[in-house]
Amino acid sequence: MSMTKRTALAGLLSLTMSAPVLAQAYPTKPITIVVSFAAGGPSDVIARLLGEQMSKTLGQPVVVENVAGAGGTAGSKRVAAAEPDGHTILIHHLALAAAPSLYNNLGYDTKTAFAPIGLVNTGPMVIASKLALPPTDAKAFFPYIKDNADKLTIAHAGVGSNSHLCAVLMSQQLGAKFNQVAYRGTGPAMNDLVGGQIDILCDQSTSAIPQIQGKSIRAYAVTSAKRLDVLPETPTMTEAGAKLDMTIWHGLYAPKGTPTAVLDKLNAALRVALKDAAVVDKFKAFGTSTFPESELTRDAHAKLFAAEVDKWANSLAAAGVKPQG
Ligand code: MLT
């Protein structure tokens, strides 16, 4: 059957079936994972990897749609307003929890708009520069950027993105004001770092590691408590004499009102995908890891999400950051 006929039949079925029956039949058409940042960045890479594996369990194609803009909040808004039938879901990281402390008019209520499906992965950020920047190690880097911040550009993926929050925390730590350059995601920002058009980027290890190993950019420090196995020569921020502890995590979300049976199917498919050898190997190579089995439930995800909304509200208020817009 052609895709158009299948989609038309799925539409007809959804009009004639009750909610519980619909949940049982789910999924009846391709599933879209909305990525709130540009293609080629870490969220996009993780979404495509997961989508490929989840489609095997769910029996429908899983396609990625990049809805970038406004620090990742445009994609969240799109999913908050989507049909709550499990065919449009969101992958997002801790920036979803930080957004209400940074934006006044998100167009959705962060605490109630989403039904958490499950936690995906967790890992650190890596502070990196273009190769031409003079300091060659962390010891030289931090004094150098402190003295030269006004002449340096730091890229990020928009207000509230991980890379932006990392830049804010770093500026606060050093008492230095960088020239910020906003992109639609760290995929294009990383391209410009490699090309030397910008000076500094704090990005997820997922995107930074391949470029560091390929010697296209220089790494100074990781924001985790321990060094990464895949980046043994790069010190932690503490070893580098600076205090910036930032652990990022991704989760999958459906719009609120999505039937429990659908959420359970998505959670089960996610858990199968996370055990797939291809995913396990890639996550390891990216310096990220999955959560322990006990934290893969929908409840555990909901708890972490609620705690992170409060955590970012407190830390951003303490940093003197006020919501905008
Ligand atoms: C991306 O995928 O582009 C990043 O997750 C953006 C960010 O939050 O820094």
Side-chain angles (χ1 to χ4, degrees), residues 33-51 64-79 89-103 106 110 119-129 153-171 178 180-194 198-212 217 219 222-224 244 246-253 282-283 286-288 305 308-309 311-312 315-316 321:
I33 302 187
V34 172
V35 170
S36 297
F37 299 98
S43 303
D44 182 71
V45 166
I46 301 290
R48 286 175 201 275
L49 193 58
L50 276 186
V64 167
E65 188 185 342
N66 300 87
V67 183
T73 63
S76 318
K77 191 172 169 185
R78 155 112 158 68
V79 175
I89 60 173
L90 176 72
I91 185 164
H92 217 311
H93 45 48
L94 56 81
L96 183 67
S101 306
L102 292 157
Y103 292 91
L106 286 172
T110 301
L119 293 166
V120 175
N121 69 328
T122 176
M125 304 290 281
V126 182
I127 294 165
S129 79
T153 47
I154 189 161
H156 60 71
V159 171
S161 62
N162 282 328
S163 40
H164 174 254
L165 294 171
C166 186
V168 167
L169 295 175
M170 196 155 70
S171 305
F178 301 103
Q180 297 185 14
V181 185
Y183 289 76
R184 291 170 75 76
T186 54
M190 183 60 81
N191 288 343
D192 278 3
L193 190 72
V194 171
I198 52 154
D199 299 315
I200 304 165
L201 173 64
C202 178
D203 199 4
Q204 292 172 50
S205 58
T206 298
S207 275
I209 285 173
Q211 302 296 348
I212 296 161
I217 60 172
V222 289
T223 65
S224 43
L244 199 166
M246 190 170 169
T247 305
I248 75 97
W249 53 274
H250 280 97
L252 291 182
Y253 302 81
K282 283 268 184 198
F283 276 13
F286 293 156
T288 78
F305 182 59
E308 287 271 308
V309 172
K311 184 189 113 181
W312 282 100
S315 64
L316 288 167
V321 179

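Index from 1, following the sequence. Counting starts at 1 for both ligands and their atoms, following the listed order.
A side-chain N or O of T186 and one of D203 form a donor-acceptor pair less than 3.5 Å apart. Side-chain N/O atoms of S129 and D199 include no donor and acceptor closer than 3.5 Å. A donor atom on one side chain and an acceptor atom on the other are found under 3.5 Å apart for H250 and S43.
Within 4.0 Å of ligand 1, counting heavy atoms only, the contacting residues are F37, G41, P42, S43, H93, A157, S161, N162, S163, G185, T186, Q204.
Rounded to the nearest 0.5 angstrom, Q204 CD and M190 CE are separated by 10.0 Å.
The aromatic rings of F37 and H93 sit parallel to each other, their planes meeting at less than 30°, with 60° as the upper class boundary.
Nearest heavy atoms, S207 versus G40: OG-O, 4.3 Å.
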